[in-house]
Amino acid sequence: MRSRHEHDTGSRGMAPPSSSLGEGQAEATLVEDLVDGASISEAVHALERPGNRIRDLVPAAVSITVGIAISLGSLQINARGGQSGDFGPSFWPQTTALICIVAGAVVLLQVLLLRHRPIEYPERMTWRGGLNVLATIVLLFAYAQSFRQLPFWTTTFVASVVLLYLFGIRSWKGLLLFPAIITAILHFLFAVALRVPL
Amino acid sequence: MNTLLSSPILDGLSSVFEPSTLLCLVIGVLVGMLVGVFPGVTATMAIALASGFTLTLGPIQGLAVMITIYVSAQYGDRIPAILVNTPGTPSSISSTFDGYPLAKSGKAGIALTSSAFGTAVGLICGTLVLAIGGIPLARLAMHFGPAEVFGLVVFGLTMMVGVSTGRIWKGVASGAFGLFLATVGRDPITSVSRYTFGINELNSGVSFIAVIIGLFGVAEVINQILTYRKSTGVAPILQLGRWFPDKQTMKQLVKPVLIGSATGSAMGLVPAVGGDIAGITGWENARRASKNKKLFGKGSIEGLTAGDTSSAAVLGGSITTTMALGVPGDSVMAVMIGSMLIWGIQPGPSLFANQPDLVWAIVTIMALATLITLVLNLFRMKSMIKLLELPKPYLWVIILIFCMVGTFAIGNSVFDVMQMLVFGLIGTFMIRFGFPPGPAVLGLVLGPLAESNLRRAVLIDGWASIYTSPIAVTLISIALLVVLWPLLRNAVALFPGQRNRAATPTGLDS
């Protein structure tokens, strides 16, 4: 469950189990889910949308493909130093490849065989969001390339302004004052406090 | 008495009360509060970012920053949960059950302060767990050989997978991916290059900081940008009403706080059980023991306090198992272990033997962070509340720029920044398609430990060294059971006559 720490997307607050289900059922469901290790919020508030079989197969396909790629890559590892054989340098990568492939196969079987499960998907993306992400990635790659070529604080200020404009900010305070404050804080933090050269 | 006067405790205390460490503590408290207040910014993300910033500091100062972020985020995340019905971090999911209804009925102030008190008590209990339980646990683990350590690593990995989001097999794949990432670089035994593709920078492996900042920082922001809609969102409740609870309310809180403390402290010792499960379990336990069951979920101060106390108490147990066994109990601890390794600190049983002063320093940091954040919450929380109105784009830019600069600052390496961006895209894919990133980080941290211990055990005594060790067999058996049980349950459900039985609401075993 702790991994949900990582991709909490600020999901809206959850009503407690008893308010969305009958009280006895809620209690039983909650305890069962805790025992089974299922997500409580998912158990109670599964966002059910019509299943998308192709989308559901993507994780399985990726997992199997990654496993195969790792396995093929392990063939390139040359054993040296008398460690060839079962437990040489390629042993552990091959083990992880096998786990990936098996996990992907299990996911595939579950998608194909378990037809009556509620489907849960993350919040839908928007077209505007997709374009913004593409532009953001291009900008960040360019920003990274500029680290050694151009004055650091200038590129940081410009990158902040462009990002804010991309995300819809139009006020002068937002486009000029805010990037200036970020740049100043970074300068203080790295150049002054931590004395890290940038 | 000897324990109190023994030098590791005094050494630990004195290292924390240095001005530089205290300053780091205060910075960590402020950052942690901010992290908790903003939904979508998690403690893991903040600590991953802080890992990059704190590498130039000493270990105590760096730990002071990271641990206090972890501690104070436990307070800050209750604010949006109570005022906006949005948990600041998953640990505050249970806070929304009763916190928001209390706020709607004009009792937001009492809800916030009661939550702060409960959280403080939970954190202190967790700190006591570390202080008292750490040494016996470490002594037990001192007897572990390579086979037992391998079993422990498998157990830790699968526990996180087993309770992570219910998507067990995607978690297994994620963990395996992390284990694979740990193989990039040179083989620890033969020094043969693995998966470096001729890139010199990869000879020392992937950059741990770049991976965690990418997976937890960049990925989360990209996902938020992808799904952002201006029209969504709940306006925060800003009318707080009475601030401090009266004596009668305080008396009401004693029982739920005790229940929450016991629940969270016990659950914290189990790897991978996080504040979210503990909070909800604490809430449920308090409801069963309460005379006002019907009020739970509709604005019960007991429910709010029990959940918050429980989710906070988990921290101590989590840090205890991480420090004593060397197996991180959650993503936050996985990130912290990674940073500790960079500082040359090896968590595990030998830490208590070789550096007991460090352990006591961590206890002191947790206790101080708890008290400082409590005082800050009680007297300055109202100004934090205004931050809830900050539009998300500003937050995204802050995080992205800090991710870029922080990663570059580690080694002045553009390659590290590129790695971070690549892992940011990988992390976004993982979020969108249900792969939990936590097991991947755990695999990255534990991979070298697992590989070296397994190969060592097998090379010395063959596979018999694994299956003749009762501890290793027990741990691996539990791990297999955790992973296979839902499959077996689903397989039974496929039989005719079993289909109409109520499956679990999610059935999410992938």
Side-chain angles (χ1 to χ4, degrees), chain A residues 1-10 12-14 16 18-19 29-30 32 36-43 46 58-59 63 70 73 77 80-81 83 87 89 92-93 96 99-100 103 106-107 110 114 117 122-123 125 129 132-133 140 144 147 160 163-164 167-169 182 186 190 194 196, chain B residues 39-40 42 44 56 85-86 90 93 96-97 100 162-166 169-170 172-173 176 179-180 183 187 190 192 194-195 216 222-223 225-228 272 274 276-277 280 284 297 330-331 393 397 401 405 408-409 414 417 421 431-433 436-438 451 455 458-459 504-507 510:
Chain A
M1 277 289 188
R2 281 188 172 146
S3 63
R4 283 172 43 215
H5 281 274
E6 302 82 67
H7 59 265
D8 172 28
T9 53
R12 290 203 309 240
M14 316 292 178
S18 58
S19 69
T29 302
L30 186 65
E32 278 175 24
D36 294 345
S39 155
I40 305 300
S41 60
E42 287 158 351
V58 168
S63 188
I70 295 171
I77 297 169
R80 290 206 305 258
Q83 286 290 322
F87 304 110
W92 191 245
T96 63
I99 298 171
C100 276
V106 172
V107 171
Q110 288 177 328
L114 294 178
R117 21 200 299 265
E123 208 172 331
M125 55 179 275
N132 277 347
V133 164
L140 291 179
F147 281 164
S160 304
L163 282 172
L164 284 164
F167 299 148
I169 301 298
I182 293 178
L186 282 169
F190 285 99
L194 297 174
V196 174
Chain B
T42 62
T44 313
T56 56
N85 200 27
T86 301
I93 285 175
T96 63
F97 294 175
Y100 189 60
V163 297
S164 69
T165 72
W169 287 94
K170 287 181 186 171
V172 170
L179 290 173
F180 158 69
T183 66
D187 175 56
T190 64
V192 171
R194 299 188 293 191
Y195 303 96
F216 295 118
I222 291 177
N223 188 51
I225 296 171
L226 275 174
T227 57
Y228 181 62
D276 42 5
I277 297 185
I280 294 170
E284 182 64 21
D330 61 5
S331 308
V397 172
I401 297 293
V405 176
F408 181 72
V414 175
V417 180
L421 290 173
I431 292 173
R432 300 299 302 166
F433 287 93
E451 180 184 5
R455 284 167 73 182
V458 173
L459 283 168
T504 56
T506 59
S510 59

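As a basis for the values below, the full set of heavy atoms in this structure was taken, side chains included, without hydrogen atoms, waters or symmetry mates. A, B, ... follow the sequence lines: proteins, then strands. Residue 1 opens every chain.
Atom CZ of A/Phe167 sits about 3.5 Å away from atom CD1 of B/Ile225, to the nearest 0.5 Å. Atom CD1 of A/Ile77 is separated from atom OG1 of B/Thr190 by 9.0 Å, given to the nearest 0.5 angstrom.
Residues B/Ile401 and A/Leu163 are in side-chain contact: their nearest non-hydrogen atoms beyond the backbone lie under 4.5 Å apart. By the 4.5 Å heavy-atom criterion applied to side chains, A/Pro93 and B/Tyr195 are counted as neighbours.
When every heavy atom of B/Trp169 is checked against every heavy atom of A/Val107, the shortest pair comes out as CB-CG2, 3.9 Å. Here the shortest heavy-atom pairing between A/Ile70 and B/Phe180 reads CD1-CG, 3.5 Å. The shortest non-hydrogen separation linking B/Arg432 to A/Met125 is NH2-N, 3.6 Å. Looking at every heavy atom in both residues, A/Ile99 comes nearest to B/Ala176 through CG2-CB, 3.7 Å.
In this structure A/Leu164 satisfies the side-chain contact (heavy atoms from CB on, under 4.5 Å) test together with A/Ile169, A/Leu175, A/Phe178, A/Pro179, B/Tyr394, B/Val397, sequence neighbours excluded.
Heavy-atom distances place both the backbone and the side chain of B/Val172 under 4.5 Å from chain A.
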